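Notes follow once the structure below has been shown.
Please read these numbers as outputs of a predicted model, since none were measured by experiment. Each chain gets a letter, A, B and so on, in the order its sequence line appears, and its residues count up from 1.
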Protein chains: 2
Amino acid sequence: MPIDREHVLRSAAALLTRRSTATMDEVARAAGISRATLHRQFAGRDALVRALEELGIQECEAALDAARLDEGTARDAVRRLVREFEGAAGLIAFLYTENQLFEGEEQNAGWARVDARVAALFRRGQESGEFRIDLTPAWLTEALYGLCASGAWAVSEGRVAAKDFQYMIVELLLGGALRREGS
Amino acid sequence: MPIDREHVLRSAAALLTRRSTATMDEVARAAGISRATLHRQFAGRDALVRALEELGIQECEAALDAARLDEGTARDAVRRLVREFEGAAGLIAFLYTENQLFEGEEQNAGWARVDARVAALFRRGQESGEFRIDLTPAWLTEALYGLCASGAWAVSEGRVAAKDFQYMIVELLLGGALRREGS
DNA sequence: CTCTGATGAGACGTTGACGTCTCATTCGGG
DNA sequence: CCCGAATGAGACGTCAACGTCTCATCAGAG
């Protein structure tokens, strides 16, 4: 039975989320395996990061599926989406910043799919009249990623309680800081 | 006449904002000086990053001063603050993610000052009844940084127009994605 | 002009992480 | 019990970036 590749990826994600410059040696030790075995599974650091990218995309698409974005009001769909994203928030934060490093190269096609589905949700909310139309879906998508990353870091450094993660993000994203006059 | 240290810092900031892993050699060439001269001014990469941190803190504090956070409504103060932050957004993005790398070490005391002033603004808005009280000032502060970083990246990759930077951030931060029923 | 100090170009050694390799050990199936 | 495949430990060479150093050049002050 081969070593649990899934487990290696999980622990690598957990470690690289906290310290994105961690060594292959540290990654291996975090997974409880030797560096040699780590290299037997992933040809190199690039391969590992790419595998993590695939994992992140899978998690995001699973979250998108689980959130059933087409059902109910757009705002409830956003709430469900953020809830589903929470588990992958650290991984998203890692990959989101990691992607800034690739200047020219085109990014993994999977992200385009994820982006498109998230943006479609915001567009649906705009067309139904729930969301304001002066904030573009592309920006709302970007902001969602950014807030997830900020939230994950804030939680990991104790500036925000873990149990508030979802609430803080959803409420800020949907309602903003201003008090509502009406509802 | 010594080389314009300010200019070196500016170009280093511009480069590292786009690619945070840029080489000392690239930093030097971007500034139009030789690697030797770069090392004569900054003992090493650490020193350079720390100098950039100081620069970022200065820019933030200058922005905080210019925004006159105590005057007028809190929401207008936030608008002014984001406007003043725009020029430093790339640098903020770089330093914000860079800070995630220092796990245990305490961060530069300057950030604590900046954080405190930003958080105080949000707290003022809460006490005046403008802002909702279920989002903590610490989280709003964090979210502001995160949105600035997301905005800077989105602009640099063409997903958001540069002229919309300020508007997108302020409107999302203050008002959120939902349409207002009342005003 | 001359002297001084700063600069650019580049060589040099060091370091840390990487990727490969070997070999002993271990674990599980037959 | 025995065998083979997978693992762990670690040695080894490679490489890129770093930091230091030297030296020729250049510009400006006196």
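In this structure, CZ of A:Phe42 is placed 17 Å from C1' of C:dC18, rounded to the nearest angstrom. Between A:Asp25 atom CG and C:dC18 atom P the separation is 8 Å, expressed in whole Å. If you measure from atom CG of B:Asp46 to atom P of D:dG19, you get 7 Å, rounded to the nearest angstrom. The distance from atom CD1 of A:Ile33 to atom P of C:dT26 is 19 Å, rounded to the nearest whole Å. What separates CD of B:Gln41 from C1' of D:dG19 is a distance of 16 Å, to the nearest Å. With rounding to whole Å, B:Asp4 atom CG is found 16 Å from C:dA6 atom P.
Looking at the side chain of B:Arg35, the nearest of the listed nucleotides D:dC21, D:dC18, D:dG8 is D:dC18. Each of C:dA17, D:dA9, D:dT7 was ranked by its minimum atom distance to the side chain of A:Thr23; first place goes to C:dA17. For A:Met24, whose side chain is taken as the heavy atoms from C-beta onward, the closest listed nucleotide among C:dG19, C:dT7, D:dC21 is C:dG19. Closest contact between the side chain of B:His39 and the listed nucleotides C:dA17, C:dC21, D:dT20 involves D:dT20.
Ion pair A:Glu127/A:Arg123 not flagged as a salt bridge, since none of the NZ, NE, NH1 or NH2 atoms sits closer than 4.0 Å to an Asp/Glu carboxylate oxygen. Electrostatic pairing of B:Arg45 and B:Glu98 does not count as a salt bridge here, judged by no charged N lying under 4.0 Å from a carboxylate O. Between A:Arg80 and A:Asp76, no side-chain nitrogen of the basic residue sits less than 4.0 Å from a carboxylate oxygen of the acidic one, so the salt-bridge criterion is not met.
Checking the phosphate oxygens (OP1, OP2) of D:dT7, no side-chain nitrogen or oxygen of A:Thr37 falls inside 4.0 Å. Remark: B:Ser34 is not in phosphate contact with C:dA9, judged by side-chain N or O atoms under 4.0 Å from OP1 or OP2.
The nearest heavy atom of DNA chain C to A:Gly44 and to B:Arg40 marks one nucleotide each, and the one closer to the 5' end goes with B:Arg40. In terms of position along DNA chain D, the nucleotide closest to B:Arg45 lies nearer the 5' end than the nucleotide closest to the other residue of the pair B:Ala36 and B:Arg45.
Between A:Phe122 and A:Phe131, the ring planes are tilted. Angles from 30° to 60° get that label. Using the six-membered ring where Trp is involved, A:Tyr145 and A:Phe85 have ring planes that are tilted, between 30° and 60° apart.
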